[in-house]
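Following: one structure in structure tokens, then a few remarks.
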Amino acid sequence: MNTPSLTIENGGLSTLRVQVLLVEAEEATRLDHARLLEADGYQVHACATLIEARQHLTRHVVDLILCGMELDEGTGLELLAFAHCSMVGTPFILFSSVASVELAREALQMGACDFFVVPVKPEELPIILERNLTRKALQQREAIRQRVAVQRSQEGVLDALLSALSTRDTETQGHSERVTAYTLELADAIHLSPDLLYTVERGALLHDIGKIGIPDRILLKPDKLTEDEWEEMRKHPVIGYEMCVRVKQLEAASKIVLYHHESWNGKGYPHGLVGEEIPIGARIFAISDTFDAMTSNRPYRAGVSTSVARSEILRCRGVQFDPDLVDVFLTIADERWEQIRRFASE
Ligand SMILES: [Fe+2]
Ligand SMILES: [Fe+2]
């Protein structure tokens, strides 16, 4: 059985199932669809009447509406009109026992995202839901990307800081871009809110900005650092935080800069925070940073394969990294990580 959604609740990670409102007057079809979707991991609220469906929508959050054309005391189109006004963005799928092109066209024009004719094969119903949920997720991601692009273009401060860092950055070329892309992928997989995604993106880009304040003799030293030099180096999260927290647009992201070297088991720095004391964005970032460090070539060693890095992250589950986030990280295929790496390196 699948669990089609993961979401954040009260700062912690918990599994929550996709909430489906199923509305259909015909009892056999309603029960049949509800059974199929519940078996596939969806949380289904099923009802037969237009009034009950409206009441449910005004009182509960739903992720998707699956609605028959003929309802008790109304039609699917009436519910569509109601939902379209009050719940912009929630996928609304209409079905009918009548194969009518006109009806399908009218439904799509009114804002339905899909239309199908019943009966359907049992294995087809979850696929119909999945493709509409995926489409919605892609649209949301694109909207966030556009928003980030517009906001970033307005932020000379961010650009100035990044170019200052690039003059002193000792990490491999493109590290900040790759680690930001990995962080966004993981943040997206746990359905982080758009505002948090935006914060996480800036935090990831700026994570090592405090290295600007580390003396050259330490930052650029080719040999191993002494214990005193390490102590100096470990100040870079605090230096970075102090630089960012004063800039209004970077205030939220400054927490990620401050806590990007904290560890789930409390053995990180600068404050030795434990578990969920570490902000979610910094916990996500920690996995991405390690993943990129391992898979990138360095002058003194070649990067390891994605699957080797995956095993290492699993080994550090619950030690260095948030165990729930590692589980989500592991659900994302090697090919996807490699695709992001190529895209971010371009
Ligand atoms: Fe760092
Ligand atoms: Fe880094």
Side-chain angles (χ1 to χ4, degrees), residues 158 161-187 199-222 224-245 250 252-273 278-304 306 309 312-313 316 320-322 325-326 329 337 340-341 344-345:
L158 184 71
L161 285 172
L162 287 172
S163 69
L165 178 62
S166 70
T167 62
R168 306 207 59 218
D169 194 2
T170 54
E171 299 220 56
T172 56
Q173 185 97 41
H175 168 70
S176 286
E177 287 76 13
R178 285 193 305 274
V179 91
T180 301
Y182 297 146
T183 301
L184 280 178
E185 178 72 13
L186 199 45
T199 297
V200 159
E201 197 234 11
R202 294 196 237 185
L205 276 170
L206 290 167
H207 68 281
D208 271 343
I209 194 71
K211 284 186 178 172
I212 288 175
I214 302 296
D216 278 354
R217 65 180 167 78
I218 297 173
L219 190 65
L220 307 177
K221 186 176 174 182
K224 268 186 143 188
L225 300 186
T226 64
E227 197 36 56
D228 283 354
E229 289 167 339
W230 263 120
E231 203 175 303
E232 197 66 23
M233 188 66 138
R234 285 195 202 100
K235 290 178 183 166
H236 78 270
V238 174
I239 298 171
Y241 169 75
E242 283 168 358
M243 288 169 70
C244 296
V245 75
L250 301 178
S254 67
K255 292 272 168 46
I256 294 172
V257 175
L258 178 61
Y259 297 125
H260 78 273
H261 281 294
E262 296 289 353
S263 181
W264 183 257
N265 63 3
K267 295 198 173 158
Y269 63 93
H271 294 314
L273 299 189
I278 307 166
I280 182 78
R283 279 183 268 149
I284 296 169
F285 173 82
I287 296 175
S288 310
D289 199 31
T290 298
F291 180 66
D292 189 59
M294 291 187 71
T295 51
S296 298
N297 294 323
R298 295 284 162 94
Y300 47 90
R301 62 145 175 83
V304 302
T306 303
E312 179 59 17
I313 284 166
C316 298
Q320 189 179 347
F321 305 125
D322 179 336
L325 286 177
V326 170
F329 173 86
W337 291 121
I340 297 168
R341 157 171 287 270
S345 303

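Atoms within a ligand are numbered from 1 in the order they appear, just like the ligands themselves. For this chain, numbers begin at 1 and follow the sequence in order.
Among the backbone and side-chain atoms of D289, an N, O or S atom lies under 2.8 Å from the Fe ion (ligand 2). Here H260 does not reach the Fe ion (ligand 2): none of its N/O/S atoms is less than 2.8 Å from the metal.
Angle NE2(H261) to the Fe ion (ligand 1) to OD1(D208): 170° [nearest 10 degrees].
Taking the N/O/S atoms of H236 in turn, the shortest distance to the Fe ion (ligand 1) belongs to NE2. The atom name of the N/O/S atom in H175 closest to the Fe ion (ligand 2) is NE2.
Centroid-to-centroid, the aromatic rings of F291 and F329 come within less than 6.0 Å. Checked against a 6.0 Å centroid threshold, the rings of H207 and H236 do not count as neighbours.
Side-chain contact between K221 and T226 is present, with heavy atoms from C-beta onward closer than 4.5 Å. Residues W337 and R178 have side chains not in contact (no heavy-atom distance under 4.5 Å, counting atoms from C-beta outward).
Pairing each heavy atom of L250 with each of C244, the nearest pair is CB-O, 3.6 Å.
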